[in-house]
Amino acid sequence: MTGLVRKILAAAMGKCQITAPSHIEIEVPKEEAYGDLSTPVAMGLAKELRRPPRKIAEDIVRCIGEKERDEYFSRIEIAGAGFINFTFRDEFIHRELKRLLAERENFLKSDIGGGLRIQVEFVSANPTGPLHLGHGRGAAVGAALSNLLMKAGFRVEKEYYINDAGRQVGLLGESVFARYQELLGIGYPFPEDGYRGGYIIDLAREIIASEGEKYKNFDYIACEKFFKEYSCGRMLELIRKDLEAFGVVFDTWQSEKELYETGVVAEMFRYLREKGFAYESEGAMWFSATRFGDEKDRVIEKANGEYTYFASDIAYHKKKVDRGFDELIDIWGADHHGYIPRVKAALRALGYSGDKLTVVLVQMVALLRGGVPVQMSKRSGEFVTLREVMDEVGADTTKFIFLTRRPDSHLEFDLETAKAQSAENPVFYVQYANARISSIFRNARERGIDVDNIAGENIPLLKEPEEIRLIKKLLLYPMVFENAVTAREPHRITYYLQELAGLFHPYYNRHRVLGEEPELTSARLALAEAVRIVLREGLETLGLTAPERM
RNA sequence: GCGCCCGUAGCUCAGUUGGAUAGAGCAACUGCCUUCUAAGCAGUGGGUCAGGGGUUCGAAUCCCUUCGGGCGCGCCA
């Protein structure tokens, strides 16, 4: 619908010698009285043309062909400071609804991506413990964003980056080793900053079960590799399972260690040195980040010969671009925001634009229970896991809460409210609309109505204000979808779905779909089917289920 | 000290990339189940968009500044 209006406006402006802006803004007025769609385009042109906006609007409206006007609109009005407001004819709306039923999901999406390849990297939590709620937020956002882009015709790859090469996995291995010795009655000093969670002891027990006392009294150095790899592997398994239960799956898992083993890091060093983007100073190797927009140069190889985390990170992003992605999206915890300039600097040094990378920052989640903060401390190992939250409040509710906020907004997640709300939770409100429609169809089938071939030939009978409103809302989905895609903001879909459900429930309450007159019944079934198509599509995009019964 | 994010109804948050009289959910109150699912519907109240200044036809949105909160600023990851 927006595309149509845009085209008509552009044609009209051409006809009366007004140069149209490259992008004609179309919006949905907040007041229904202002029509279905609106454009402030005349106001934007006022300055340039040195004419009053209302006059410009009048000209544009006058230049809209009579044929188009009659075919699509019941009203075109100039209002306020110079808005042009359009109201669609019911006949047009009905035609579009019929088209939606014929084309189904395809009506709702548009090919914005054109086959471009995007990699979305998200979660990427250190494999040193179970996922917590903050990771869940990143998972929900990343998965929904990936779905959204996929539906928009991008070729999307979802990747999880495994930090299995640094100090953290070292600590993990040694922590498990310490617990292992402890369980076998050997005193071993627990590493400082080690992981103290109960799952470490579980891992140690597992090792005793499978390996027995093989490593009792060993030097840690002698079995470090085993403890690290075993623990890391098990943690990854756990993480993968938790994510799967949360409904999030990845296409690829990139190991940091592998970047070293396959020479990607070394290759990166060679490249930077050859280009003169790396230099030695104070015994360390530095990357000249300032030359590429960062505040200061960054160490990539320490004086003691170890590489910094940033070194493998440059190599990692080099590998990403080398693999030919047109765009990279990294979803990071907001506490890493300071890293953006240096990673973009690295990309520039590698010969790519910094714009190739979009970093989506996901704010931390403050976990509350009944208004009281739940203390989370990795040190003591006491933190609430994503798994626990899922078990307590449900995966759909958890995801929905994450997807009704902008990723970069601070978020309070109150377990009590999330549960207490469960009766009147927004996610159920949306899903319930779908379940109700499914129920209608079950009943219709029992009555012997053919519900498998709904073509919508009786759609013109839909005249009630609630019906017209509902149809118009359905037809707006493509616009919401496009905006969500270009802004990379899945939460817009969430809000749309709530609004759609908010129109369906009152309609349902006021008008019977399955009535006495077969024609009207068939028309309303067609509408219900269309609502169901859109609800399912939206829920699927967000990674939520669309239950048929509740 | 410097940088980034944020401040919107009692609470949790949206606000269509600068548009019209700032919205939703929760919480509170009043009604509605002999007809397709009451996880629903109908109705009632609630605002100095943190404060101040500026940019313009027009600002919650952009710029400056003050206050308040969060996070960064390692040869940590």
Side-chain angles (χ1 to χ4, degrees), chain A residues 25-31 33-34 38-40 43-44 46-47 52-53 79-83 85 126 128 163 165-169 171 193 282-286 295-296 298-304 306-310 312-313 333-341 361 363-364 366 371 401 404-406 408-414 417 420-429 431-433 435-444 446-447 476 479-480 483-484 486-487 489 491-492 494-496 498-499 501-502 504-515 521 524 528 549-550:
Chain A
E25 210 184 313
I26 304 285
E27 49 193 54
V28 181
K30 358 185 182 188
E31 290 287 330
Y34 294 144
S38 171
T39 179
M43 284 131 86
K47 192 170 194 179
F83 290 98
N85 297 335
N126 283 341
T128 53
N163 294 114
R167 190 178 117 87
Q168 300 308 321
V169 276
L171 276 173
D193 299 329
E282 299 165 54
M285 181 67 66
W286 298 69
E295 311 184 312
K296 45 177 112 168
R298 309 288 176 181
V299 171
I300 44 182
E301 187 184 338
K302 306 184 216 170
N304 65 9
E306 285 173 21
Y307 297 107
T308 62
Y309 172 85
F310 183 47
S312 48
D313 233 25
D335 52 338
H336 288 84
H337 66 84
Y339 258 73
I340 298 174
L361 294 176
Q363 269 293 351
M364 324 245 103
I401 288 173
T404 37
R405 273 111 172 142
R406 288 198 344 268
D408 63 338
S409 70
H410 299 262
L411 164 59
E412 285 189 7
F413 194 108
D414 194 311
T417 357
Q421 275 181 26
S422 67
E424 288 173 43
N425 196 300
V427 69
F428 294 118
Y429 186 75
Q431 289 176 326
Y432 189 50
R436 272 182 154 173
I437 294 171
S438 298
S439 173
I440 293 172
F441 277 93
R442 282 193 296 271
N443 289 323
E446 264 175 40
R447 291 189 187 193
L476 280 177
M479 182 190 91
V480 175
N483 289 340
T486 48
E489 290 180 352
H491 74 270
R492 296 186 188 214
T494 319
Y495 276 86
Y496 170 87
Q498 294 188 70
E499 287 164 14
F504 177 75
H505 286 305
Y507 172 61
Y508 175 92
N509 217 260
R510 189 148 177 186
H511 303 286
R512 279 192 67 83
V513 172
L514 304 176
T521 295
R524 288 184 171 171
R549 287 173 209 274
M550 290 174 72

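So you know, we letter chains A, B, ... as the sequences are listed, proteins then strands, and number each from 1.
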- Residues which pass side chain to side chain contact (heavy atoms under 4.5 Å, CB included) with A:F413, listed by chain and number, not counting sequence neighbours: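 Side chain to side chain contact (heavy atoms under 4.5 Å, CB included) check on A:F413 returns A:L133, A:V365, A:L367, A:V389, A:V393, A:T398, A:I401, A:F402, A:L415, A:A418.
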- How would you list, by chain and number, every residue that makes a side chain to side chain contact (heavy atoms under 4.5 Å, CB included) with A:E301, sequence neighbours excluded?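 Result, side chain to side chain contact (heavy atoms under 4.5 Å, CB included) vs A:E301: A:F269, A:M285, A:Y307.
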Which of these nucleotides, [options], is closest to any side-chain atom of [X]?
X      : options             : answer
A:N443 : B:A77, B:A20, B:C36 : B:C36
A:H491 : B:A77, B:G15, B:C5  : B:G15
A:S38  : B:U16, B:A39, B:A20 : B:A20
A:K302 : B:A42, B:C76, B:A20 : B:C76
A:E27  : B:A20, B:A14, B:C4  : B:A20
A:R167 : B:G19, B:C76, B:G40 : B:C76
A:R512 : B:C75, B:C41, B:C36 : B:C36
A:Y432 : B:A38, B:C75, B:U17 : B:A38
A:P29  : B:U16, B:A20, B:A38 : B:A20

Would you state whether a donor and an acceptor, one from the side chain of [X] and one from the base of [N], lie under 3.5 Å apart?
X      : N     : answer
A:T494 : B:A14 : no
A:H337 : B:C5  : no
A:N85  : B:A20 : yes

- Is the base of B:C33 syn or anti, where syn means the angle lies within 90° of 0?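 B:C33: syn glycosidic orientation.
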- Message: Stacking between A:Y429 and B:G40, defined as ring centres under 5.5 angstrom apart with planes under 30°, is that present or not?
- Response: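 No, A:Y429 does not stack on the base of B:G40, since the centre distance and plane angle fail the 5.5 Å and 30° test.
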With rounding to whole Å, what would you report as the distance between [N] and [M] at their [atom1] atoms?
N     : M     : atom1 : value
B:G70 : B:C75 : C1'   : 28 Å
B:C49 : B:U61 : C1'   : 10 Å
B:G18 : B:C57 : C1'   : 12 Å
B:A27 : B:U66 : C1'   : 34 Å
B:G52 : B:G40 : P     : 40 Å
B:U17 : B:C11 : P     : 29 Å
B:C33 : B:A39 : P     : 15 Å

- Note on the structure: Scoring nucleotides 27-32 of chain B by protein non-hydrogen atoms under 4.0 Å (B base, S sugar-phosphate only, - none) yields ------
- Task: Nearest-nucleotide wise, let me know which of A:V513 and A:Q363 is further upstream toward the 5' end of RNA chain B.
- Result: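 By nearest-heavy-atom nucleotide position, the 5'-most residue is A:Q363.
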G-U wobble or Watson-Crick pairing nucleotide for [N] (cut-off 3.5 Å, both distances):
N     : answer
B:G7  : B:C67
B:U34 : none
B:U56 : none
B:C73 : B:G1
B:G47 : none

- Message: Please check if the number of heavy atoms outside A:R442 that lie under 6.0 Å from its CZ is greater than 12.
- Response: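 For A:R442, atom CZ is crowded (more than 12 foreign heavy atoms under 6.0 Å).
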- Message: Do A:N483 and A:R492 have side chains that approach each other closer than 4.5 Å (heavy atoms only, starting at C-beta)?
- Response: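 In contact.
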- Between A:E25 and A:T39, what is the shortest heavy-atom contact and its length?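 Where A:E25 meets A:T39 most closely, the heavy atoms are O-OG1, 2.7 Å.
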